[in-house]
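Below: the structure, in structure tokens.
Source: prediction; values computed, not measured.
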Amino acid sequence: MSNDITNKVRFVMAKLFTFIFLGMALAMIFSLAQSVISSILIGEEITQIFLSGINTGIIALAVFELALVINREYSEAEEDGDAVESLRRTIPRFIGTVCIALSLEGLIMVIKYSQLDLAGNLYYPVAIISSTALLLASLGAFLFLTRKHG
């Protein structure tokens, strides 16, 4: 009986968080569209519009991916399966999305700083890109160390 209640609570909470994160992703996409339209109407430079749009779009994608991971992993009744195998299925996709977002953010910062002659601030994008590389290497090490032999 207790296990049945636990599974129901787990299912309801998973759906709740899934809808919260899906709502946040939709709100970000709506905000992005609104921002692009208003920026075009006031005559802002098209490059700046797209650079800021990419940031918001990638963050919305990462939040959407998080909603998918929560829905997939926590909505179903808990099986006695391997927890590491479950992580191997979901973590790479989410970490990949985060790495793309961080890489783009770092590259956009490099472009902005080079356009504004702020070369002294390049430490920040270099730190972001280096952290992204470390995160990706750590993901590779995790996948390598948790692979099935045989």
Side-chain angles (χ1 to χ4, degrees), residues 7-79 81-147:
N7 283 338
K8 286 181 183 179
V9 168
R10 177 183 166 116
F11 178 81
V12 168
M13 293 301 290
K15 291 300 179 188
L16 177 67
F17 278 107
T18 298
F19 287 123
I20 287 171
F21 286 120
L22 284 176
M24 288 174 62
L26 286 172
M28 283 185 223
I29 290 171
F30 178 74
S31 172
L32 169 64
Q34 185 180 14
S35 173
V36 167
I37 291 169
S38 66
S39 295
I40 289 172
L41 291 177
I42 64 170
E44 195 172 316
E45 188 178 325
I46 197 78
T47 305
Q48 292 299 95
I49 296 171
F50 285 125
L51 289 178
S52 65
I54 287 172
N55 283 344
T56 306
I58 292 296
I59 292 169
L61 178 62
V63 171
F64 175 73
E65 282 289 331
L66 181 60
L68 292 180
V69 167
I70 290 171
N71 187 47
R72 181 179 301 136
E73 288 303 314
Y74 297 106
S75 291
E76 301 164 1
E78 189 170 349
E79 302 168 2
D82 189 9
V84 174
E85 210 37 57
S86 173
L87 286 174
R88 283 181 60 85
R89 275 194 322 269
T90 57
I91 294 293
R93 192 166 156 183
F94 180 70
I95 295 295
T97 304
V98 169
C99 285
I100 290 169
L102 288 172
S103 298
L104 284 173
E105 182 66 28
L107 293 173
I108 288 170
M109 286 177 77
V110 167
I111 292 168
K112 283 182 182 178
Y113 290 159
S114 66
Q115 287 177 344
L116 299 174
D117 292 328
L118 297 173
N121 292 335
L122 287 176
Y123 296 113
Y124 303 116
V126 168
I128 291 172
I129 294 170
S130 299
S131 299
T132 304
L134 181 63
L135 180 61
L136 203 52
S138 299
L139 174 63
F142 169 76
L143 292 174
F144 177 77
L145 293 171
T146 59
R147 74 185 187 283

Worksheet item: After noting the C-alpha distance and the side-chain angles of Leu68 and Phe64, does the key distance pass the side chain to side chain contact (heavy atoms under 4.5 Å, CB included) rule?
Response: CA-CA 6 Å; Leu68 292 180; Phe64 175 73; 3.4 Å; yes
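- Annotation for Met28 and Ile59: closest pair SD-CG2, 3.6 Å, computed over non-hydrogen atoms.
- The distance from the CD1 atom of Ile128 to the CG atom of Leu104 is 11.5 Å, given to the nearest 0.5 Å.
- Heavy atoms only, all atoms of each residue included: Cys99 and Leu136 are closest at SG-CD1, 3.9 Å.
- By the side-chain hydrogen bond (donor to acceptor under 3.5 Å, both in side chains) test, Thr146 pairs with Arg88, sequence neighbours left out.
- To the nearest 0.5 Å, the span separating OG on Ser103 from CD1 on Ile108 amounts to 10.5 Å.
- Side-chain atoms of Pro92 and Leu143, non-hydrogen and from C-beta on, do get closer than 4.5 Å to each other.
- For the pair Ser31 (side chain) and Ala27 (backbone), a donor-acceptor distance under 3.5 Å is absent.
- Taking OG1 of Thr18 as the reference point, atom CE of Met13 lies at 10.5 Å (rounded to 0.5 Å).
- At least one side-chain heavy atom of Leu41 sits less than 4.5 Å from a side-chain heavy atom of Ile37.
- For the atom pair Leu107 CG and Leu102 CG, the distance stands at 11.0 Å (nearest 0.5 Å).
- Listed here is the closest heavy atom pair of Pro125 and Val110: CB-CG2, 3.6 Å.
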Practice prompt. Take Ile58 and Ile54 through the side chain to side chain contact (heavy atoms under 4.5 Å, CB included) test and state the conclusion after the steps.
Written response: CA-CA 6 Å; Ile58 292 296; Ile54 287 172; 4.1 Å; yes
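- The nearest pair of heavy atoms linking Thr97 to Ala62 is CG2-CA, 3.5 Å.
- Of the options Val63, Leu66, Ile29, a side-chain contact (heavy atoms from CB on, under 4.5 Å) to Met24 is made by Val63 and by none of the others.
- The CD1 atom of Ile70 lies 12.0 Å from the CZ atom of Phe19; values are rounded to the nearest 0.5 Å.
- Around atom CZ of Phe17, no more than 12 heavy atoms belonging to other residues, nucleotides or ligands sit under 6.0 Å away.
- Closest approach of Ser39 to Ile49, counting heavy atoms only: CB-CG1, 3.6 Å.
- One finds the CD1 atom of Ile129 at 9.0 Å from the CE atom of Met109 (value rounded to the nearest 0.5 Å).
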